[in-house]
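Written out below as C-alpha cells is the structure these notes cover.
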Amino acid sequence: MQVITNSEKETFDLGRKLAARLKKGDIVALEGELGAGKTIFVKGVAAGLGFDRDKVVSSSFVLIREYKAKLPLHHFDLYRLKNKCEFADLGYEEYFFGDGVCLVEWADKAREFIPPRAIRISFKVAGKDKRKIEYSGL
C-alpha cells in the first residue's frame with residue numbers, strides 16, 4: 001500500500017493513526033534516506049500511544065531509547081550503527097519479543113535481524129514537503 005503525505009503534519013498524523021492499530025510485540029521497520037520523515041512518523045506513533053512527541057528525538061548517538069507510553073515503546077535509531085554485531089550486542093531479542101512496540105529507524109542496516117512479521121515502511125522524498133510512504137505487513 002502507498003500513501004502520499006504533503007507536510008510534516010500529515011506524516012505525523014499517519015504515525016498517530018498507525019499507533020491505534022499497534023499491539024504488544026509489534027515491530028515497525030522504517031527505511032528511507034536522511035530527512036525522509038522517519039523520525040516525524042515515530043513522533044506521531046509515540047503521540048498516538050500517549051507519549052509526549054517533544055521528548056522523542058532522533059537518537060543520533062544513542063541506538064535505542066525507551067519511552068513509557070500506553071505500550072512500552074522502544075525506539076531504535078540505527079543511523080550510526082557500525083556493524084551488525086553491534087546490533088546483536090544490544091540484546092534486541094528482549095525488545096523484539098517483549099511486551100512493547102519496537103520502531104526501528106534505518107532498519108535496512110540490520111535487515112537480517114528484523115522478523116518477517118514486522119510491519120515494513122519505506123519513506124521517499126517526493127518534493128520539498130511531499131513524502132511517498134509505502135508499507136506492508138499491516
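Since this is a predicted model, take the numbers as computed values, not measurements.
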| request: For the residue pair Y67 and F51, categorise the inter-ring angle as parallel (less than 30°), tilted (30 to 60°) or perpendicular (more than 60°). | output: tilted
| D13 and K17 ion-paired at < 4.0 Å | no
| NZ/NE/NH1/NH2 to OD/OE distance under 4.0 Å, K132 and E134 | yes
| query | Do F76 and I27 belong together in a cluster built from hydrophobic side chains that touch within less than 4.5 Å? | reply | yes
| query | Do other residues, nucleotides or ligands put more than 12 heavy atoms under 6.0 Å from the CD atom of E10? | reply | yes
| query | CG/L18 to CG/D26 distance, rounded to the nearest 0.5 angstrom? | reply | 8.0 Å
| Out of curiosity, E94 CD to D99 CG, how far, rounded to the nearest 0.5 Å? | 9.5 Å
| query | Once you round to the nearest 0.5 Å, how far does OH of Y92 lie from CG of L78? | reply | 12.0 Å
| side chain to side chain contact (heavy atoms under 4.5 Å, CB included) between Y95 and E66: does it pass, once the steps are laid out? | CA-CA 10 Å; Y95 297 103; E66 298 180 48; 3.0 Å; yes
| request: Please name the pair of heavy atoms, one in I119 and one in G137, separated by the smallest distance, quoted to 0.1 Å. | output: CG1-O, 3.7 Å
| remark: So CG of D108 and OG of S122: to nearest 0.5 Å the spacing works out to 9.0 Å
| query | Are F12 and L73 joined in one hydrophobic group, where the rule is that I, L, V, M, F, W and Y side chains link up if heavy atoms are under 4.5 Å apart? | reply | no
| Heavy-atom side-chain proximity of V28 to L22 below 4.5 angstrom | yes
| ILVMFWY cluster, I114 and F97 together (side-chain gap under 4.5 Å) | yes
| query | Does the side chain of T11 reach to within under 4.5 Å of the side chain of F123, using non-hydrogen atoms? | reply | yes
| Side chains of E86 and L63: does their closest heavy-atom pair fall under 4.5 Å? | yes
| said: With a 4.5 Å cut-off on side-chain heavy-atom distances among I, L, V, M, F, W and Y, is there a chain of contacts connecting V125 to I121? | reply: no
| Cluster question for you: counting only ILVMFWY and a side-chain heavy-atom cut-off of under 4.5 Å, with indirect links fine, are Y79 and I40 together? | no
| Check: W106 and L34 side chains under 4.5 Å, non-hydrogen atoms | yes
| remark: Rounded to the nearest 0.5 angstrom, the CZ-NZ distance for F87 and K84 is 11.5 Å
| request: Could you tell me whether the side chain of R131 and the main chain of A36 form a donor-acceptor pair under 3.5 Å? | output: yes
| task | With the side chain counted from C-beta on, respond yes when L103 and H74 share a heavy-atom pair under 4.5 Å apart, and no when they do not. | result | no
| message | As a test of understanding, state which of K38, K109, K124, R111 forms a side chain to side chain contact (heavy atoms under 4.5 Å, CB included) with E31. | response | R111
